[in-house]
Protein chains: 2
Amino acid sequence: MDTTQRTEQQRSADRRRRELLEAADRVVLRDGPQASMNAIAAEAGITKPILYRHFGDKSGLYAALAKRHTDALLASLRAALDAPAERRERVEATLDTYLAAIEARPQVYRFLMHPAEGTQGEQEFDTGKHSAPLLRRMGEELAQVIEERLDLGPGSQQLARVWGHGIVGMMHAAGDWWLGERPCTRAELVKSLADLLWGRLAAAGDKIGGPGF
Amino acid sequence: MDTTQRTEQQRSADRRRRELLEAADRVVLRDGPQASMNAIAAEAGITKPILYRHFGDKSGLYAALAKRHTDALLASLRAALDAPAERRERVEATLDTYLAAIEARPQVYRFLMHPAEGTQGEQEFDTGKHSAPLLRRMGEELAQVIEERLDLGPGSQQLARVWGHGIVGMMHAAGDWWLGERPCTRAELVKSLADLLWGRLAAAGDKIGGPGF
DNA sequence: GCGTGCATGTTACTAGCGGTAACCTGAGTC
DNA sequence: GACTCAGGTTACCGCTAGTAACATGCACGC
């Protein structure tokens, strides 16, 4: 029975941790990325210190919270990337999956994109690494898929990584802008972005009278 | 003489304002986006309240500060976009201009990209508008150039805007990742991104044995 | 039965942030 | 000399992240 007791304790801790994460989720969904530790603790029915005992500090909690959503979104994207269809169709499906996700839960999406920004965290922002982890992970995932499937000749790995991060950034920025202004339907946005990736920029003709872009 | 006196007073105020902005610039360059109002005031040799008298609140100061850099960067980009050369060359020059700017002053760049995030600001983040103003402005500028110069058929304006924001996002994300990891030279990055925009993704062949991306 | 760990939870605090009210001070004007 | 008014300061508020110290309950070995 002692083993069951030990597992019982661990289970209890894990369950508590999951409960806390779900409470944090609710608060973030309501208050956005500015959700305070106090508010999260109150939502969970407890006080701050036990939150800190579970997650270390705010970035720890946010990282745990972000990992759940990031994992879920990445799984959806992988499914779209792996679907049995033509390349263009798969690209469009991936774009649409991402856009549908951010459309359905803008608060969560915003939280994932601007997580850190701690009032007084470590100052080691000299070079980079400040970008949202979700963007980086998506970029690396896409790079891997590109490198696995496409024949890009010499330097393919590096090219695939550049493209992975570039395409993810394109998707992100366009989605962000689209969410704010809603200038067109999701399907139209998907098609426009796919057209861009399909080289329509290079193929387009100059306007009459102009020197061309 | 009263007019000169009034202008003298206004000049004095404007000069002070510029001095404060330059002090703020120095602090942001040193401390990054977490630069506190206290630190900025101390750098300027004064105390907080007069900073607030000049700029209202933190976001006001940051907006004034961001406008300077944004204007400067946008001017450089416009120059690259307007250069008398072929389209591909111009695209590469624009990419390179942007990347050179963020490479030269990563702190400023980071400040421009993550400005707000006030601890207790207005909560109206429901839909969008949380993206960095620099990104939006660059996207709109690029959209305008594309729409002016390219013949894209029906729906050209909307297409141009999607592309503008998408390309800017691509540039941003790839540059961010590149700044952090430095996996290649700037020239290589520029060429890879231009290749992506030129449709090499669609043109690439499948790898042997795979279903193709 | 009784102390001993140990996890869980609390109150009460520190240090620093953005922002503001109230006060002070010195130059110019009638 | 009194009066005004811009420029500047001290001292504060309410908030935040994070922590130390104290309390409580529950399983163990003796």
Side-chain angles (χ1 to χ4, degrees), chain A residues 1-20 23-24 27-28 31-65 111 114-123, chain B residues 1-20 23-24 27-28 31-65 111 114-123:
Chain A
M1 273 300 208
D2 47 357
T3 56
T4 50
Q5 275 172 358
R6 280 194 63 186
T7 54
E8 174 60 29
Q9 281 190 356
Q10 263 196 339
R11 273 200 174 188
S12 169
D14 281 9
R15 193 156 37 88
R16 209 50 128 210
R17 188 185 163 95
R18 231 175 307 152
E19 284 174 13
L20 299 185
V27 177
V28 165
D31 295 355
Q34 272 98 18
S36 78
M37 296 297 268
N38 252 327
I40 294 173
E43 171 72 30
I46 51 165
T47 51
K48 273 192 300 178
I50 67 180
L51 220 55
Y52 282 93
R53 284 228 252 272
H54 271 275
F55 300 101
D57 62 350
K58 187 177 184 175
S59 72
L61 196 166
Y62 274 31
L65 203 52
F111 163 74
H114 303 277
E117 299 291 334
T119 50
Q120 50 193 31
E122 61 274 41
Q123 324 277 90
Chain B
M1 273 304 207
D2 47 358
T3 56
T4 49
Q5 275 172 356
R6 280 193 63 185
T7 54
E8 173 60 29
Q9 282 190 356
Q10 264 197 338
R11 273 201 175 187
S12 170
D14 281 7
R15 193 155 39 86
R16 209 47 130 212
R17 189 186 162 94
R18 232 175 306 151
E19 284 175 15
L20 298 185
V27 177
V28 166
D31 296 355
Q34 272 97 19
S36 78
M37 297 296 268
N38 253 326
I40 293 174
E43 171 71 29
I46 52 165
T47 51
K48 274 193 300 178
I50 69 180
L51 220 55
Y52 281 93
R53 282 226 253 272
H54 272 274
F55 300 101
D57 62 350
K58 187 178 185 175
S59 71
L61 196 166
Y62 274 31
L65 202 53
F111 162 75
H114 302 279
E117 298 292 334
T119 50
Q120 50 193 32
E122 61 272 42
Q123 326 274 91

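Quantities reported herein were computed from a predicted structural model and do not represent experimental measurements. In what follows, every heavy atom counts, from backbone to side chain, and hydrogens, waters and symmetry copies are set aside. Naming convention: chains lettered A, B, ... in sequence-line order (proteins, then strands); numbering from 1 in each chain.
A straight line from OH of A:Tyr52 to P of C:dT14 spans 17 Å, rounded to a whole angstrom. As rounded to whole Å, 8 Å separates atom C1' of C:dA7 from atom CZ of A:Arg53. D:dT10 atom C1' lies 11 Å from atom NZ of B:Lys48, rounded to whole Å. Remark: P of D:dG18 and CG of A:Leu61 are 10 Å apart, rounded to the nearest angstrom. Look at NZ on B:Lys58: it is 17 Å from C1' on C:dT20, rounded to the nearest Å. Between A:Arg17 atom CZ and C:dA7 atom P there is a gap of 16 Å when expressed in whole angstrom units. Between the CG atom of B:Asn38 and the P atom of D:dC12 there is a distance of 16 Å, rounded to whole Å. Across the protein-nucleic acid pair, B:Ile50 atom CD1 and C:dT20 atom C1' stand 15 Å apart, rounded to whole Å.
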Walk me through whether B:Ser36 and B:Asn38 qualify under side chain to side chain donor-acceptor pair (under 3.5 Å). CA-CA 5 Å; B:Ser36 78; B:Asn38 253 326; 5.4 Å; no
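At least one donor-acceptor pair under 3.5 Å links the side chain of B:Tyr62 to the backbone N or O of B:Pro33. With hydrogens and angles disregarded, no donor-acceptor distance shorter than 3.5 Å links the side chain of A:Asp31 to the backbone of A:Gln34.
Across all strands shown, A:Ser36 has heavy atoms under 4.0 Å from sugar-phosphate atoms exclusively, and none from any base.
If A:His54 and B:Asp57 are placed on DNA chain C by their nearest nucleotide, the residue sitting closer to the 5' end is A:His54. Looking at which nucleotide of DNA chain D each of B:Ile46 and A:Gly56 is closest to, the 5′-most match is held by B:Ile46.
Closest approach to the B:Pro49 side chain among D:dG18, C:dA21, C:dG18 is made by C:dA21 (side chain taken as heavy atoms from C-beta onward). Considering only the side chain of A:Arg16, C:dG9 comes nearest among C:dT10, D:dG18, C:dG9.
For the pair A:Asp57 and A:Met37, the minimum side-chain heavy-atom distance is 4.5 Å or more.
Taking 4.0 angstrom as the limit, B:Thr47 places none of its side-chain polar atoms (N or O) nearer than this to OP1 or OP2 of D:dG8.
The one candidate from A:Leu65, A:Val27, A:Ile46 that meets the side-chain contact (heavy atoms from CB on, under 4.5 Å) condition with A:Ile40 is A:Val27.
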